[in-house]
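Step one of this worksheet: look at the structure below.
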Amino acid sequence: MIAVFQSTIPYLQIRGLSVMGEKPVYSEEATYYSESGIPDKHEKAQVGVALEERKGIRESFDFFEGEKHNRLTLSDLEEIEAFRHFIKSREYIREIETD
């Protein structure tokens with residue numbers, strides 16, 4: 001599988017850990033009691049994300065390809081999925097081709 005991404009910024013570089021190093025952070029299950037003794041149970045839930053140091057992550061994702069030097073081609077499935085998740089909240093990057 002190949003996915004091509006395009007940026008509005010030429011020569012854009014994105015730190016690999018920013019894309020691949022996110023891991024979910026969860027709250028703990030617990031039961032708290034009010035002063036009157038009424039239990040308030042809290043279930044485990046995702047409360048955010050944190051960056052996790054991992055071996056084997058590329059140092060950066062570089063948009064150097066194409067005529068305007070603003071394209072990136074990925075072929076690793078894990079990188080493609082992580083990059084798709086990463087660009088959801090970034091309007092300056094979009095996926096333009098998938099094969």
Side-chain angles (χ1 to χ4, degrees):
M1 174 179 223
I2 293 175
V4 180
F5 299 90
Q6 183 174 336
S7 167
T8 59
I9 305 164
Y11 300 103
L12 176 67
Q13 291 181 298
I14 299 171
R15 190 170 161 231
L17 188 58
S18 297
V19 176
M20 302 293 294
E22 286 188 354
K23 69 173 185 171
V25 176
Y26 295 95
S27 64
E28 296 294 322
E29 288 186 18
T31 302
Y32 301 99
Y33 294 90
S34 67
E35 290 180 10
S36 61
I38 298 172
D40 182 16
K41 185 173 181 171
H42 292 262
E43 298 194 17
K44 186 175 186 175
Q46 185 174 345
V47 294
V49 294
L51 293 180
E52 172 187 44
E53 290 291 335
R54 290 179 19 196
K55 300 280 185 196
I57 295 177
R58 71 164 67 198
E59 196 166 311
S60 66
F61 292 89
D62 306 318
F63 286 77
F64 294 165
E65 301 169 13
E67 190 175 301
K68 296 182 180 179
H69 307 285
N70 64 343
R71 291 189 179 185
L72 168 68
T73 303
L74 298 177
S75 58
D76 181 87
L77 188 57
E78 184 180 2
E79 287 181 345
I80 292 170
E81 291 303 317
F83 209 81
R84 284 177 177 158
H85 177 72
F86 178 79
I87 67 171
K88 282 183 182 179
S89 62
R90 290 162 176 87
E91 295 177 5
Y92 58 93
I93 304 171
R94 64 188 176 107
E95 185 171 356
I96 59 170
E97 188 180 323
T98 305
D99 183 21

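Given the structure is predicted, the values throughout are model-derived calculations rather than measurements. Just so it is clear, the values below take in all heavy atoms, side chains as well, and ignore hydrogens, waters and symmetry mates.
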Report, as yes or no, whether the 6.0 Å neighbourhood of atom CG on D40 holds more than 12 heavy atoms from other residues, nucleotides or ligands.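 For D40, atom CG is crowded (more than 12 foreign heavy atoms under 6.0 Å).
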For Y11, I'd like to know if atom OH has over 12 heavy atoms of other residues, nucleotides or ligands within 6.0 Å.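 12 or below, so no.
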Atom pair [atom1]/[atom2] of [X] and [Y] - distance to nearest 0.5 Å:
X	Y	atom1	atom2	answer
N70	I96	CG	CD1	7.5 Å
T8	R90	OG1	CZ	13.0 Å
T73	E97	OG1	CD	7.5 Å
H42	E28	NE2	CD	13.0 Å
K44	E29	NZ	CD	7.5 Å
F64	Q13	CZ	CD	4.0 Å

Single-linkage hydrophobic cluster, 4.5 Å side-chain cutoff, [X] and [Y] together:
X	Y	value
I2	F61	no
L74	L77	yes
V4	F86	no

Identify the heavy atoms of [X] and [Y] that sit nearest to each other, and give their distance.
X	Y	value
T31	K41	OG1-CG, 3.8 Å
S7	L12	OG-CD2, 3.5 Å
E95	A3	OE2-CB, 3.6 Å

State, with a plain yes or no, whether a side-chain heavy atom of E78 is found less than 4.5 Å away from one of M20.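 A side-chain contact under 4.5 Å exists here.
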Does the side chain of L72 reach to within under 4.5 Å of the side chain of I93, using non-hydrogen atoms?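 L72 vs I93: side chains apart.
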Given R84 and T98, is the side chain to side chain contact (heavy atoms under 4.5 Å, CB included) satisfied, shown in steps? CA-CA 12 Å; R84 284 177 177 158; T98 305; 3.6 Å; yes
F5 pairs by ring-ring contact (aromatic ring centres under 6.0 Å, His included) with which of F83, F63, Y92? F83
